Amino acid sequence: MSPHRPLAALTDQAQQAARVAAESAGVRVSDEASLAGFLEVEQLFNTVWLLPPGESAIPSELLRSISHAGCNVTAARDQTGRLVGAAAAIVSPKSASMYSLIAGVLPGISDRGVGFALKQHQRAWGLARDLTEMTWTFDPLVSRNARFNLTKLGASASEYAVDFYGPMQGEMNANDESDRLVAVWPLTSTQSTACSENHQAPIDGPSYSPSDVLRVGPDDDPVLVMAAGALWCRVPTDIVALRAQNPQLAAEWRRSIRSIFTDVFASGHIARGVSRDGWYRLAPGGTA
């Protein structure tokens with residue numbers, strides 16, 4: 001954190017940014033504290049993750065416990081009061097970090113900015129409690145989520161967790177191993193502050209020549225290239241659809257991306273952004 005931006009000032013900035021984000025998305029974002037609300041949140045997550053009856057992404061009882069323990073359960077409702085998005089985070093013991101367990105938005109409205117409003121509310125919530133960092137995991141093959149986390153919010157990733165959750169239920173994750181990248185979001189950084197006000201640095205896919213190609217992917221097109229002083233790694237446009245259509249090819253993508261990320265992270269590179277067409281920018285450690 002810059003010594004010229006004390007935490008109180010950043011908290012004020014974060015709260016204002018969260019209000020603007022909610023207004024832009026047409027939602028009211030607040031901390032959830034009611035049992036009825038927790039039941040709604042549970043159902044929303046089950047809908048988002050396409051879970052079968054009897055399965056739950058996170059039970060309402062656990063959400064109630066998280067809230068009662070003083071941790072974060074955030075709900076976003078539209079103008080009619082309908083729940084359209086939610087998130088939950090816990091506070092890491094003896095640290096200035098919070099850990100986001102889950103966040104989701106109803107299908108069909110993901111382009112409205114509800115997810116962004118949820119995360120800005122969580123940032124403001126954390127800063128108001130002297131927390132300066134948030135971490136969570138996400139599937140590196142889901143390029144849309146990756147771009148949201150690393151480009152839209154300003155998080156970064158330098159840790160790859162193999163089969164983090166083990167076998168998972170639901171149509172969205174079925175027939176695939178649950179590899180995850182660990183996102184680290186510095187709540188006080190200049191970049192995160194700029195991103196909170198929608199001043200994201202643009203990330204365009206790399207321009208490269210055949211000699212810049214280091215590996216090809218399962219589709220026989222370049223998947224890892226060196227360009228503009230960074231490594232660039234490409235992931236599929238829609239891995240969820242690919243899992244349903246061709247599980248074998250999806251599994252090949254999993255193995256390919258796992259190999260690349262474990263190698264480049266071991267060499268000190270950090271994932272610092274994702275382009276709209278699914279290219280991760282992997283910069284050497286210590287560079288922006």
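Quick caveat, the model's predicted, so the values are computed rather than measured.
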Between the side chains of S56 and E42, does any donor sit under 3.5 Å from an acceptor? yes
In one Ile/Leu/Val/Met/Phe/Trp/Tyr side-chain cluster, 4.5 Å: Y165, V48: yes
Does a donor on one side chain sit under 3.5 Å from an acceptor on the other, for R123 and T193? yes
Quick one: do Y280 and I270 end up in the same hydrophobic cluster if we chain Ile, Leu, Val, Met, Phe, Trp and Tyr together by side-chain heavy atoms under 4.5 Å apart? no
Quickly, which of I102, N149, L181 forms a side chain to side chain contact (heavy atoms under 4.5 Å, CB included) with W136? Name it, please. N149
Which residue pairs pass the ring pair (Phe, Tyr, Trp, His ring centres under 6.0 Å) test when at least one of the two sits in residues 199-236, sequence neighbours left out? Y208-W279
Nearest 0.5 angstrom please: W253 CH2 to L242 CG, how far? 9.0 Å
Would you please classify the geometry between the F265 ring and the F261 ring as parallel, tilted or perpendicular, with 30° and 60° separating the classes? tilted
Working to the nearest 0.5 Å, report the span between SG of C71 and CD1 of I66. 7.0 Å
Is the shortest side-chain N to carboxylate O distance from D139 to R254 below 4.0 Å? yes
Tell me whether L282 shares a hydrophobic cluster with V216, the cluster being built from Ile, Leu, Val, Met, Phe, Trp, Tyr side chains joined at under 4.5 Å. no
If we ignore hydrogens and angles and just use 3.5 Å, is the side chain of T151 paired with the main-chain N or O of V274 as donor and acceptor? yes
Find the distance between CZ (R215) and SG (C233) and round it off to the nearest 0.5 Å. 8.5 Å
Validation row: I257, D179 side chains within 4.5 angstrom (heavy atoms): no
Can you see whether E32 engages S67 through a side-chain donor-acceptor pair at a distance of less than 3.5 angstrom? no
Can you tell me if R112 uses its side chain to pair, donor with acceptor, with the backbone of A25 under 3.5 Å? yes
Quick check against the 3.5 Å criterion: does T11 have a side-chain atom that pairs as donor or acceptor with the backbone of L127? yes
Does one hydrophobic cluster hold both V184 and L10, with members joined at side-chain heavy-atom distances below 4.5 Å? no
Would Y160 and L231 show up in the same hydrophobic cluster when neighbours are defined by side-chain heavy atoms closer than 4.5 Å? yes
Has the side chain of W125 got a donor or acceptor atom that lies under 3.5 Å from a matching backbone atom of N72? no
Mind listing the side-chain donor-acceptor pairs of residues 82-99 below 3.5 Å, one per line with the distance, residues two or more places apart or on another chain?
| from | atom 1 | to | atom 2 | distance (Å) |
| --- | --- | --- | --- | --- |
| R82 | NE | D78 | OD2 | 3.1 |
| S95 | OG | S92 | O | 3.3 |
| S95 | OG | S97 | N | 3.2 |

What salt bridge (charged side-chain N to carboxylate O under 4.0 Å, His left out) pairs are there with at least one residue in residues 274-284, not counting sequence neighbours? none
State, to 0.1 Å, how close A155 and A183 come at their nearest heavy-atom pair, and which atoms those are. CB-CB, 4.4 Å
